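In what follows, chains are A, B, ... by sequence order, proteins preceding strands, each numbered from 1. FYI, side chains are in, hydrogens and waters are out, and symmetry mates aren't considered; it's all heavy atoms of this structure. Quantities reported herein were computed from a predicted structural model and do not represent experimental measurements.
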Amino acid sequence: MTTIKEALDNESLTGSTVTVAGWVRTFRNDRFIALNDGSTIRNLQCVIDQEQVDAATRARFNTSASVRCTGELIASQGSGQRVEMKVTAVEVLGDSPADKYPIQPKKHSLEFLREHAHLRFRTNTYSAIFRIRHQVSFGIHEYFDRHGYNYFHAPIITASDAEGAGEMFRVSTLDAKQPPLNEAGDVDFNEDFFGTESHLTVSGQLQAETAALALGKVYTFGPTFRAENSNTTRHLAEFWMVEPEAAFMDLHGDMDLAEGLCKHLIARVLKNSMDDLQFLDARVKEEEAQKPQAQRSEMGLIERLQFVLENPFERITYDEAITILLRSKPYQKKQFQFPVEWGVDLQSEHERYLVEKHFKKPVIVTGYPAQIKAFYMRTNAPGDFGYSDKGKTVAAMDVLFPGIGEIIGGSQREERLDVLEARMDEMGVPKEELWWYLDTRKFGTVPHAGFGLGLERFVLFVTGMGNIRDVIPFPRTPGSAEF
RNA sequence: UCCCUGGUAGCUCAGCUGGUUAGAGCACCUGACUGUUAAUCAGGGGGUCGCUGGUUCAAGUCCAGCCCGGGGAGCCA
């Protein structure tokens, strides 16, 4: 069997007889089957001889019926394609009743297709997205492998709820109706499967740190769970996260790694997925044309990817970001909804201004105020990068992308035991639970750093899609876990 | 969770200040078609107007509550 990609691209196959199998996209003029097998966004035109294929069989070439065709690949007589198949044998493997099949050969809304998530892979848009998602995923492994990182499998289930990255899903085998109670009348998790209350992971970072302080360089890549009631176009309850962690790396190295990874992935997609990108590019352009002039982006999808690939990310400190925002037109005209002042977190509107209006390219912001960041981030001292005389800062870095906002959050980690413990006390993080984490600082601690990259947010950027639910096969969001 | 917005045929949508039998395009069904590119042409069928209650002689249209979708915000990746 030959894939349609091979049949179309491998010119040496022209003139030979091959067999292909796939799903019918359209059947035109009682003669032309546009066949797609997922190997490429392009279809193979299979031309049948009406004297060889009876009317009853021809009536079965409905949209999405599965068909196997054998025939000679010849130069196309029509103008829409280079080669086509002159079919000598055709077999319907699975019928697709046209009056029942919900996906029509026409433009559907993404909302409608989301409700048919199991069939949406059969559309051009989603097949393109998921081929690109594969390129990004594979590229992640490729990049880290080339840079000496070990793929590290952090646990999915964790007994610690001190990771500080949001609400967690509880994992339990206790009877939900009548859980065992302790003397105080609370649920007795000693009776639970793990002998303690346990949850799905919100981050593999803390475990990855322990491995980095032995293997040197590691990265995790797996599903992550947040039980936040977030209803936005860029949040999921189950998503995939990449978390590299490297010993002896400082914040500069962390930024270089993050930028290097992003560019590697973009380059890989540009190299391997051009026909999918061209389809999505046209799709984005069509969508942009619907918007009012002021909201249209200046670049097309492919253009934007090339631009990000070729230009260095802007690197600024939180101090500088605040200064830029205070001088900005929207601030002066009081168009920002949220206040801009040193010490408060940057809001979406502020990030968008910096990335989309001021710099017009990805921006890395470092040196955030300590009070708005996690306990494990390294506290800056005078002379440290990102130190500010306006207040206590940490060696954090957020990578902000146009249209998406935060795509990466990372930091140099606090390697000094006394500083780390003081910080944990200050923020109310239970040290007892994280005794194993603190051990890494007691025995041969070293400076180290890492970050978390949201896979779906990155795929969102690369595909030009607008809703994160469209770049993961079966999205899990509050109130929705179908399929 | 908050704010905005929507729910009418399989899909996308129209239906003005309440008033006969709720419309269109596409899809679907029947027929035609040996070079089509979301093929085309002719004909046909198809509706619990999200749910519940209320106002009214009369509700797709007005009011209330609920459910679901979309956009924005917060939380973050």
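Nucleotide rU34(B) holds its P atom 16 Å from the CD atom of Q45(A), rounded to whole Å. Rounded to whole Å, the distance from CG on N231(A) to P on rC4(B) is 16 Å.
A donor-acceptor contact under 3.5 Å is not formed by the side chain of R28(A) with the base of rC33(B). Judged by distance alone with a 3.5 Å cut-off, no donor-acceptor contact links the side chain of E111(A) to the base of rG70(B). Under 3.5 Å, the side chain of Q347(A) and the base of rG74(B) form no donor-acceptor pair of N or O atoms. Interface remark: the R234(A) side chain does not form any donor-acceptor pair with the rA77(B) base, using a distance-only criterion of under 3.5 Å. With hydrogens and angles left out, the side chain of S230(A) and the base of rC75(B) share a donor-acceptor pair within 3.5 Å. Judged by atom type and distance alone, Q337(A) does not reach the base of rG74(B) through any side-chain donor-acceptor pair under 3.5 Å. In terms of polar N and O atoms assigned as donor or acceptor, the side chain of D30(A) never comes within less than 3.5 Å of the base of rU36(B) in a complementary pairing.
Using a 4.0 Å heavy-atom cutoff across all strands shown, G452(A) reaches sugar-phosphate atoms only and no base atom. Looking at heavy-atom distances under 4.0 Å, L455(A) makes no contact with the nucleic acid at all. No engagement by E351(A) is indicated, since no non-hydrogen atom pair under 4.0 Å with the nucleic acid exists. At the heavy-atom level, I407(A) lies under 4.0 Å from the strands shown only through sugar-phosphate atoms. Among the heavy atoms of the strands, none lies under 4.0 Å from R352(A).
Checked against a 6.0 Å centroid threshold, the rings of Y143(A) and H147(A) count as neighbours. Ring centers of F121(A) and F474(A): under 6.0 Å apart, within the cut-off. In this structure, H141(A) has its ring center under 6.0 Å from that of Y151(A).
Across the P atoms, rG19(B) and rC62(B) are found 10 Å apart, a figure rounded to whole Å.
When the nearest nucleotides of RNA chain B are assigned to D49(A) and P102(A) by heavy-atom distance, the more 5′-ward of the two goes with P102(A).
In this pair, F32(A) does not lay its aromatic ring on the base of rG35(B); centres under 5.5 Å and planes under 30 degrees do not both hold.
Ring pair F401(A)/F458(A) is tilted by interplanar angle, where 30° to 60° counts as tilted.
Phosphate proximity of rU37(B) to R31(A): absent, as no side-chain N or O sits under 4.0 Å from OP1 or OP2.
Across the strands present, rU55(B) finds no partner; the criterion is a Watson-Crick or G-U wobble pair with both atom distances under 3.5 angstrom.
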